[in-house]
Undergrad: 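Take a look at the following structure, please.
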Amino acid sequence: MPENSDSQKLLLATLRGNKSDQTPVWLMRQAGRYLPEYRDLRAQKGGFLELCYDADAAAEVTMQPIDRFGFDGAILFSDILIVPHAMGQNLWFEAGEGPRLAPRMVESALSSLTAAPEHFEAIYATVRKVAARLDDKTTFMGFAGSPWTVSTYMLHGQGSKDHAVARKYAYRDEVAFSELIDAIIDNSVKYLLGQIEAGVDAVQLFDSWSGSLSPAQFEKWVIGPNATIISRLKDVYPEVPIIGFPKGAGDKLAAYARETGADAIGLDETVDPVVAHKNLPADIPVQGNLDPLALLAGGDALKKSAAHILETFSDRPHIFNLGHGIIKETPIEHVEKLLTLVR
Ligand code: CP3
């Protein structure tokens with residue numbers, strides 16, 4: 001990407017620490033089921049995974065929220081479970097329930113898996129198509145799940161509320177768990193480097209379940225692996241910003257920001273913006289953190305929450321976002337209202 005075109009990207013500049021009088025905005029899960037055009041294309045293609053692995057369709061879905069709302073950032077349409085799929089686990093989505101993975105790594109050896117790197121190639125094809133379509137103002141973001149979060153799915157074979165199987169395994173079988181985490185790190189680094197080579201401007205690491213760990217486990221399995229991934233990406237692409245999103249990190253947020261080397265910190269909706277602003281390093285950009293339910297509710301709840309977040313981060317580089325993914329029942333008009341409020 002030539003430098004003169006980069007300089008027009010407000011979100012990218014903000015991730016690099018520039019403060020502008022305009023706050024860039026995008027929403028986690030902005031390409032998804034709250035959009036009728038998404039639901040149509042998904043029905044046509046037969047399912048979510050079919051959509052992910054069809055580069056033309058996935059590029060189209062990535063562009064849908066950009067074409068409709070003009071967000072400052074486009075996020076690659078894919079899923080964090082593509083990494084376990086490429087590592088050789090079977091992956092499918094049960095209608096109305098969610099992801100399933102087999103064999104469950106709590107009872108299978110890593111060495112029994114046969115890698116399927118063609119799954120990564122399909123995603124890189126999507127990245128190239130989107131990069132060719134985006135204008136020079138919109139920042140293009142890739143992503144991966146962080147190792148702890150991805151391991152919970154690989155071990156349980158599905159989503160779980162308390163991640164107890166994974167937490168128990170990490171205590172009881174630390175050597176095997178550590179090998180699993182290392183394998184996820186290696187694959188995630190490879191995958192993110194591939195996304196960057198194919199054309200993304202920045203990447204986000206989703207540690208959606210970091211909130212379920214004790215403080216010592218958080219140091220070991222959240223901060224450690226995220227720091228390793230970030231340093232390995234920085235060795236190759238020091239100029240590509242990395243957003244860390246340790247959902248539910250609570251008291252550990254400042255340690256995460258200091259110790260992982262992430263360029264920007266994603267805040268979930270449980271974080272008090274005033275406290276985050278006080279506790280985080282002064283110059284680090286933050287992203288967030290409107291409650292997805294305030295966006296769904298609209299009206300005063302939306303106005304007041306958005307204004308408070310904008311006001312609190314008014315003298316720090318800030319990217320407006322939700323604290324977690326947009327909820328599928330969210331009215332389109334509330335998203336439009338939010339954009340008016342931010343801009
Ligand atoms: O943000 C975006 O718009 C980019 C695409 C994206 C998706 N998933 C698309 C998706 C991203 C960044 C993700 C991340 C993801 N996937 C996470 C971490 C972020 C988070 O929300 O905590 C997790 C834990 C997953 C795993 C996953 N994928 C789950 C638990 C589910 C939900 C299953 C369901 O049916 O609700 C998915 C499916 C999924 N990923 C959908 C989308 C748009 C819905 C699929 C559909 O039915 O159309």
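Indexing begins at 1, ligand by ligand and atom by atom, following the structure's order.
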Undergrad: Check for me whether Phe245 has a heavy atom closer than 4.0 Å to any atom of ligand 1.
TA: no
Undergrad: Test of understanding: given a 4.0 Å heavy-atom threshold, classify the contact between Leu76 and ligand 1 as side chain, backbone, both, or neither.
TA: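 Looking at Leu76 and ligand 1, just backbone atoms fall under 4.0 Å.
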Undergrad: Among protein heavy atoms, which sits nearest to atom 42 (C) of ligand 1, and what does the distance come to when rounded to 0.1 Å?
TA: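 It is Phe48 CE1, 3.5 Å.
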Undergrad: Under 4.0 Å from any heavy atom of Ser208, which atoms of ligand 1 are there?
TA: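 Counting from 1, the qualifying ligand atoms are 18 (C), 19 (C), 20 (C), 22 (O).
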Undergrad: Please determine, by modelled atom types, if Asp201 and Thr139 share a side-chain donor-acceptor pair under 3.5 angstrom.
TA: no
Undergrad: Should Glu174 and Tyr169 be marked as a side chain to side chain donor-acceptor pair (under 3.5 Å) after you check the CA-CA gap, both sets of side-chain angles, and the distance that decides it?
TA: CA-CA 7 Å; Glu174 192 173 323; Tyr169 190 69; over 6 Å; no
Undergrad: Got a sec: does the CG of Asp235 have more than 12 other heavy atoms crowding it under 6.0 Å?
TA: yes
Undergrad: Pull out every atom of ligand 1 sitting under 4.0 Å from any heavy atom of Phe77, numbered as shown with elements.
TA: 43 (C)
Undergrad: Of the protein's non-hydrogen atoms, which lies at the shortest distance from atom 47 (O) of ligand 1, and what is that distance?
TA: Arg42 NH2, 2.8 Å
Undergrad: Identify the protein heavy atom lying closest to atom 14 (C) of ligand 1, giving its residue, its atom name and the separation to 0.1 Å.
TA: Ile80 CG2, 3.6 Å
Undergrad: Tell me: protein heavy atom nearest atom 33 (C) of ligand 1, and distance?
TA: Gly98 CA, 3.8 Å
Undergrad: Please state which protein non-hydrogen atom is closest to atom 40 (N) of ligand 1 and give its distance, to 0.1 Å?
TA: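 In this structure, atom 40 (N) of ligand 1 has Asp79 OD1, 2.8 Å as its nearest protein heavy atom.
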Undergrad: Can you establish whether the number of heavy atoms outside Glu97 located under 6.0 Å from its atom CD is more than 12?
TA: yes
Undergrad: If we count only N and O atoms by modelled type, under 3.5 Å, do the side chains of Arg316 and His277 hold a donor and an acceptor together?
TA: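 Yes, a side-chain donor-acceptor pair sits under 3.5 Å.
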Undergrad: Nearest non-hydrogen contact with atom 13 (C) of ligand 1 belongs to which option: Gln30, Gln204, Arg29, Glu97?
TA: Arg29
Undergrad: Does either side chain, that of Tyr153 or that of His163, offer a donor lying less than 3.5 Å from an acceptor on the other one?
TA: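 Result is no, nothing qualifies.
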Undergrad: In the protein, what heavy atom is nearest to atom 30 (C) of ligand 1, and what distance, to one decimal place, separates them?
TA: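 Minimum-distance protein heavy atom for atom 30 (C) of ligand 1 reads Tyr153 OH, 3.6 Å.
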Undergrad: With a 3.5 Å cut-off and no angle check, do the side chains of Thr260 and Asn226 form a donor-acceptor pair?
TA: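 Note: Thr260 and Asn226 side chains miss the donor-acceptor criterion.
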Undergrad: Look at atom 5 (C) of ligand 1 and find which of Ala31, Cys52, Ser78, Gly32 reaches it with the closest heavy atom.
TA: Ser78
Undergrad: At under 4.0 Å between heavy atoms, which part of His324 makes contact with ligand 1: side chain, backbone, both or neither?
TA: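 Under 4.0 Å from ligand 1, His324 contributes side-chain atoms alone.
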Undergrad: With a cut-off of 4.0 Å, which atoms of ligand 1 are near a heavy atom of Met28?
TA: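 That gives atoms 1 (O) of ligand 1.
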Undergrad: Got Phe218 and Tyr256 here, is their nearest side-chain heavy-atom distance under 4.5 Å?
TA: yes
Undergrad: Taking non-hydrogen atoms only, is Lys247 closer than 4.0 angstrom to ligand 1 via side chain, backbone, both or neither?
TA: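 Contact part for Lys247 vs ligand 1: neither.
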Undergrad: What is the nearest protein non-hydrogen atom to atom 32 (C) of ligand 1, stated with its residue, atom name and distance?
TA: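 The closest one turns out to be Pro99 CD, 4.5 Å.
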Undergrad: In plain terms, say whether Lys252 and Glu219 are close enough for a salt bridge, that is, a side-chain N and a carboxylate O under 4.0 Å apart.
TA: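 A salt bridge links Lys252 with Glu219.
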Undergrad: Return the residue, atom name and 0.1 Å-rounded distance of the protein heavy atom closest to atom 35 (O) of ligand 1.
TA: Arg33 NH1, 3.3 Å
Undergrad: Between Trp148 and Gln217, is a side chain to side chain donor-acceptor pair (under 3.5 Å) present by the stated rule, with each step listed?
TA: CA-CA 10 Å; Trp148 161 250; Gln217 298 288 88; over 6 Å; no
Undergrad: Need the ligand 1 atom indices (1-based, order shown) with element for anything under 4.0 Å from a heavy-atom of Tyr38.
TA: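 Taking each heavy atom of Tyr38 in turn, ligand 1 has 43 (C), 45 (C), 46 (C), 48 (O) under 4.0 Å.
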Undergrad: Donor-acceptor pair, distance only, cut-off 3.5 Å: does the side chain of Asn187 make one with the backbone of Ala183?
TA: yes
Undergrad: Taking 4.0 angstrom as the limit and counting only heavy atoms of Phe93, give me the atoms of ligand 1 inside it, by number and element.
TA: 28 (N), 37 (C), 38 (C)
Undergrad: Which atoms form the tightest heavy-atom contact between Leu290 and Ala306, and what is the distance?
TA: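 Here Leu290 and Ala306 meet closest at CD1-N, 4.0 Å.
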